[in-house]
Amino acid sequence: MTNLEEYLPKRLTAACSGIEALGADAVLISKPENVVYLSGIKSTNCFLILTPEESYILTDFRYIEAAENNQAGLYPVMLDRGKNLFDVIKSMKIRTLAVEEEDITYHFFKELSSKFRGKICSASHLVEDLRIIKDDYEKECLRRAEEIGDIAFSHICSILKEGMSEKEVALELEYCMRKNGAEGLSFDTIAVSGVRSSMPHGGPTDKKIEYGDFLTMDYGCMYRGYCSDMTRTVAIGEATKEMRRIYDIVRKAQQKTLEAVSPGKTASDIDRIARNIIKYEGYGNHFGHGTGHGVGLEIHEAPTVNTTGKTLLKTGMAVTVEPGIYLPGEFGVRIEDLALVTETGYEVLSHSDKDLIII
Ligand SMILES: [Mn+2]
């Protein structure tokens, strides 16, 4: 496995080189995922102050040892009741401070404005713009996270049977992922069966899996902070002609869209492929969500792959391809893979079978 330590100083340098363009002389990084990206430290109370000269990591007693050992080249500063974040900012002689406006609360902003006399501006998407292109370390983490998802899928297929509840299905997936090295879940597991499968984001209930049900499982884990995300729909016992027909439309839409992933296309180009196939078959109104999204330290991050997605796909981006058809009162089908954009096209990271599996 590649060493994270090699990447941290490069990421920090890249972030600092963007400070001037913001019209600021310092940037306050508060979003936990951005703190992790630049420092390698996961914490519930940690801030970075970046300046073109020196950069600082500020945290409390609970995380100070990790902060002191950071491999990014950040200077550690301990916060306590006598010296809070605002005191440190005040003492730094900053003229214009850029903040992560989508992360901080109004309360935080009021407090900052009352103590800091300089100008405050937006850090825009300084760190997110770096995070959208995955480095080799991140690619390895995403590959492993998806591999764990694949292991969980084979596991569930080997034990799935009528009478199991949706909650049991979710628990088995989750336990298997933890057993195989995941440190947690990337989001609450979706396991919906029968008529419930028409709810794209339904949670698992006590409903038992019955003969003739479709079962949609959308789940993911965290591996070294990176998320996995995959969806498969399987049939229990048998699938009617109608179920097979819908499954095949989604299967085709998913495959054609995945194959179109390549640098130079916009996110909306990708979305349009899945949407047009489903629309052509007459189910346009039954595919009401976007085709995909970026994945990394967050389960949903840039680029958003939907009808209005303007992002130009570039080598190193990670996107899901997850079209679906949902027929309320009947059933639903969704198939999802995670892919990396490569120089020549794409590398799919989830390898579980996508032909209809009947268990
Ligand atoms: Mn997804």
Side-chain angles (χ1 to χ4, degrees), residues 33 128 131-132 134 138-139 141-153 156 169-170 173-174 177 182 184-192 196-204 214-223 225-234 250-251 253-261 267-268 270-275 278 286-309 311 313 317-326 332-341 346-354:
E33 291 85 358
E128 282 82 356
R131 282 174 46 200
I132 197 168
K134 272 63 187 175
E138 298 184 288
K139 287 177 191 168
C141 293
L142 289 171
R143 281 192 195 100
R144 180 61 191 154
E146 286 292 313
E147 211 172 289
I148 295 170
D150 281 334
I151 295 170
F153 184 68
I156 200 70
V169 169
L173 288 167
E174 293 167 9
M177 291 192 288
L185 302 178
S186 50
F187 59 94
D188 288 342
T189 302
I190 293 166
V192 283
R196 301 194 72 252
S197 61
S198 67
M199 293 186 284
H201 270 197
F214 258 151
L215 166 66
T216 295
M217 295 165 283
D218 183 350
Y219 60 96
C221 69
M222 304 283 285
Y223 179 75
Y226 286 81
C227 298
S228 75
D229 192 5
M230 65 180 278
T231 307
R232 289 292 183 272
T233 299
V234 299
V250 175
R251 169 84 173 87
Q254 202 271 345
Q255 191 60 35
K256 292 279 177 218
T257 309
L258 186 63
E259 285 168 9
V261 170
S268 62
I270 299 302
D271 180 89
R272 199 175 310 115
I273 296 167
R275 211 160 292 285
I278 291 174
H286 297 276
F287 173 30
H289 58 73
T291 297
H293 53 88
V295 174
L297 289 166
E298 287 173 276
I299 183 62
H300 295 128
E301 56 180 55
T304 301
V305 181
N306 62 17
T307 51
T308 56
T311 310
L313 294 192
M317 288 185 182
V319 289
T320 68
V321 175
E322 51 178 308
I325 295 178
Y326 311 93
V333 175
R334 181 169 63 260
I335 304 172
E336 172 181 30
D337 285 319
L338 177 61
L340 282 173
V341 182
Y346 69 99
E347 173 193 342
V348 62
L349 304 186
S350 30
H351 301 289
S352 297
D353 204 352
K354 289 186 282 188

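Whatever order the structure lists them in is the order used to number ligands and atoms, beginning at 1.
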Engineer: Under 2.8 Å from the Mn ion (ligand 1), which protein N, O or S atoms do you find? Ignore water molecules.
Structural biologist: D229 OD2, H293 NE2, E322 OE2, E336 OE2
Engineer: Taking atom types as modelled, is there a side-chain donor on T189 or E174 under 3.5 Å from an acceptor on the other?
Structural biologist: yes
Engineer: List the residues meeting salt bridge (charged side-chain N to carboxylate O under 4.0 Å, His left out) with D271, not counting sequence neighbours, and say none if there are none.
Structural biologist: R275
Engineer: State plainly whether the residues E138 and R131 are in salt-bridge range, i.e. N to O under 4.0 Å.
Structural biologist: no
Engineer: Evaluate whether atom NZ of K139 has more than 12 neighbouring non-hydrogen atoms of other residues, nucleotides or ligands under 6.0 angstrom away.
Structural biologist: yes
Engineer: Does a donor on one side chain and an acceptor on the other come within less than 3.5 Å for H351 and E146?
Structural biologist: no
Engineer: To check you understand the geometry: which heavy-atom pair defines the closest contact between R251 and K354, and what is its length?
Structural biologist: CD-O, 3.0 Å
